[in-house]
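Right, one structure below, let's go through it.
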Amino acid sequence: MLERDNVDPRRLVVMTYSNKAAGELSERIAKRRPDAAAAMWIGTFHAYGLNLVKQFHQALGFSREPRLIDRAEAIDLMLDRVAGLNLTHYRELYDPTDKLRDFLSAISRAQDEVVSADRYAELVEEMRALDHSSETQERVKRAREVAQVYKSYTDLKRALERIDFGDLVALPAELLTRNPTIAAQLREDIDHVLVDEYQDVNRASVQLLKAITNQGRNLWCVGDVRQSIYRFRGASSLNLARFDHGDFTGAMRDQLDTNYRSREEIVEAYSTFADGMTLAGATSVKLKAHRGRLGRPPEFRHIDGITENEIDGVADAIAELRAEGYSYRDQALLCRGNDRLAELGRGLEARGIPVLYLGSVFERPEVKDLLAWLSLLVDRRAMAMARDTGIPGMTLSLEDIGALSDALNDDALPPLAWLGSGVAGFSSDGIATIARYSALLDGFDARSAPWDVLAQLLLDRTRIAADICSSNDMAARAKGIAIWQFLNFVRAQPLSSGNAISRLLERIRRLVRLSDDRDLRHIPQAAQGIDAIRLMTMHGSKGLEFPAVHVTGMTKGSFPKRNPAPTCPPPDGMIKDAGGAGIDFAAREDEDELQCLFYVALSRAKDRLILYSPNKDTANRKRNPSDFIARMGKGVESRIVSATNYGIDNSDAPVAINLIGESTYWQHQLSVYERCPRRFFYTYVLNVGGKRVTSSFEDMHEVVRRVITELNAAETAIDLATARDVFDVHWNSSELASRQASTAYRVLADELVTRFALTRAEGTLEPGQSLRFKVGSATIRVNFDYSLVDGTGRKTLRYIQTGHHKKTVLTGNAAFAPLLAAQHAAPGYGAELLHLSDGIRVALSDHAGKAADKRAGIGKIVDAIAAGQFEPKPSNRSCPKCPAFFTCGTVPPGTAQKKF
DNA sequence: CAATCTGTTTTTTTT
DNA sequence: AAACAGATTG
């Protein structure tokens, strides 16, 4: 219509909700009207907002164009601030990064609703006055602290002249509402505004639209409530419902009734599903399938086996369809989450099927090799030398790694010092390898610029780039793309003086922790033509179409699966028109969103649609299909399928290990093994563990731990004043004392030390004991901090933990070592865990019934260590904090020797 | 039979 | 953390 009416493309604004959508749209228009595509403005709300912020930065109160920060930077900014806010209901945990992330997403939601920090605080007080139930009052207390953080964060951004993603839309929306002159001035340059995927707009975007359009009279929107899948970022069914009843009074609505994409069988399936959708504002639509019937129904394949067999089933189907004429590039594989997608990608590749998917760039071996090498320039312990690079001549044997780690243990040498001097006990191969590393890293040091180092390593000093270029298979191309993306990322880092390498590595850890490395996963346009299966999340598939679509993970309990309620729920009334408690609304919206997500996935298919789920879990219990399967109606062919066994073995080969003599393990070593056996291997077997990555909070706890150790060494009771003196000495000699905002940490540390001193006085004090017990031929050691005799003569050993009590504290086996040690070596004593941060005590003696099981569990750990079983347990949460983050991968060849 | 415990599985993201 | 399947317990 706009085309026909001769609209001036220069006066046309087209808004989308993602860069991908903007790119697609731009390309489609360029095909028909290349001149127009170049002239009109096409982009995301955020991009449009950024332009406005730049243009009107003075009106917005900035002295210059503010710098945009991402989530990782925002957390960096706030880390020291939260310590000073004295929050009680959201206590700082060991690492406040997680808490801050929760705060920031709550703040971001508020920005989506154009609710300022002050307004947020008002809403909290309104909620307090309205509902006196204890449940609500509890939420009030928490929301009040969010308001505090919100205010502090906003002030900080103002002071530093920074803006975040939320500001990109919220600030212009506010400005234009407040300042009609600017809005009018903007409107003069715009004839029409087009909004694609209107169901994804949030309040901030609507407000922006209201300001730049003439009360909606020149606004054109396309939207489908059934495809509203971005509710977690403020898109709400209410916005579409309100489109012509409130937001843009007098707007017109029309409905599409013909589908030009999918075959009739597929349209039937998702229409049937849509009829059962419980969705506010959805009207029933009878879609006509323009392309008619194909004669092949959508399928549900209930794969006989576990999750791994589901990949076999998909591989079979991909091969079948290929034989029928659907090339790899015609087929897409969708699932809910990125983690599963990565597994599917690896699995299909292992089964010989090419996939167009990178996964997380920083977790790819070829990128990890580069990161490991970079880390050598700043890591005096040279931990990365324990990595198997897979590049001939560039990997040390386990024996040589042992020798190197011995050599680096004693001296406080600077990084790379080991390259020059010979290392005692090295094999001749090892000496040759070290020589190659000397050549590889020659001339670089901790102050080198990461990009320069990487470029030289790739192009001049190794054959990595050359090998990738000369190879033509899909795996090599994916490697090339991953390295390319990584280099682009490195180059985009802000230039700064000092140690850029350390900061780069630190930033990567944080990005992975926050899962904010996703935009690096995009496959460049140039690679899109490759004949390989397209892998993407259901969210990522929106707006795309494929001749054949495979959807995995259709198990009950995993799809649909309610998202956990936000840690920091919004105050009631923050979401306009939601009515009732904010959390209930969120839960309803969540259910809707999952139905929409399924609808989106189904409607991507043009000809063929196959859904999958495994029918067993690893404990051989049955897993039922998702309830959604039945809701697609009778047109779906549903059957149990036995997939081909591709003989893929994902098990981790044991490491050759030689344990000298009888072993003695500390309890904390067993805990590490339980959390991640591979980490245990690096830290205690190879002994290459460098310093753990710590936050200020953790450093603070470390100081407290040192104070406790010193106080424990004293045989007599210690008064508070002495305890404080000891604390002063340790605090002042710690690195923390000189850090910014250290007073806040000091207050916390002081509380912990005080509590420790007080708990020692709860009875007659006896000194701590180092107890041991045997499991098989191994000995387990546990250090108790002290023991107390109370008035009735009952004796209790205390085991102090400086942090908060967690419900999971008694999961696993190693946690019971104190109980077992007390039972065995200190008869007549009870054993108790005491958490200093909250004073919570756990009487281990109450769990004596589990002792036998736990002892057996510890026996299994000990045996597994002796058998060289060190499989990695990857997790986005813990891996980025692990010292071996850049090292972890295949274990190098050789035999590890170790005396525990 | 209901209640409780155990083990397994599981989320999305805008420059 | 919370849902699910199944076993165990009272």
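Reminder, nothing fancy here: chain letters follow the sequence lines and each chain counts from 1.
- Among the atoms of the strands shown, base atoms are found under 4.0 Å from some heavy atom of A:Phe165.
- Considering A:Glu310, A:Arg301, A:His550 as possible partners of A:Tyr612, the one that fulfils the side chain to side chain donor-acceptor pair (under 3.5 Å) test is A:His550.
- Nucleotides C:dC4 and B:dT11 are separated by 15 Å at their P atoms, to the nearest Å.
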Under a 4.0 Å heavy-atom criterion, the protein footprint on nucleotides 4-10 of chain C, written with B, S and -, is -BS----
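- Looking at A:Ser515 and A:Asn876, their side chains come closer than 4.5 Å, going by heavy atoms from C-beta outward.
- Residues A:Phe273 and A:Phe598 place their aromatic rings such that the two centres sit under 6.0 Å apart.
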Side-chain donor-acceptor pairs of residues 551-558 of chain A under 3.5 Å, sequence neighbours excluded:
{"unit_1": "A:Thr555", "atom_1": "OG1", "unit_2": "A:Ser558", "atom_2": "OG", "d": "2.3"}
{"unit_1": "A:Ser558", "atom_1": "OG", "unit_2": "A:Thr555", "atom_2": "O", "d": "3.1"}

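- The residue A:Asp200 sits apart from the nucleic acid: no heavy atom pair falls under 4.0 Å.
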Walk me through whether A:Phe489 and A:Phe362 qualify under ring pair (Phe, Tyr, Trp, His ring centres under 6.0 Å). CA-CA 11 Å; A:Phe489 164 79; A:Phe362 302 122; 5.1 Å; yes
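- Cation-pi contact between A:Arg491 and A:Phe486: absent, since separation from the ring centre below 6.0 Å together with deviation from the ring axis within 45° is not met.
- For DNA chain B, the outermost nucleotides in 5' to 3' order that have an atom under 4.0 Å from a heavy atom of chain A are B:dG7 to B:dT15.
- Taking the six-membered ring for Trp, A:Tyr48 and A:His46 have ring centres at least 6.0 Å apart.
- Checked by atom type and distance alone, the side chain of A:Glu161 never pairs as donor or acceptor with a backbone atom of A:Pro66 at under 3.5 Å.
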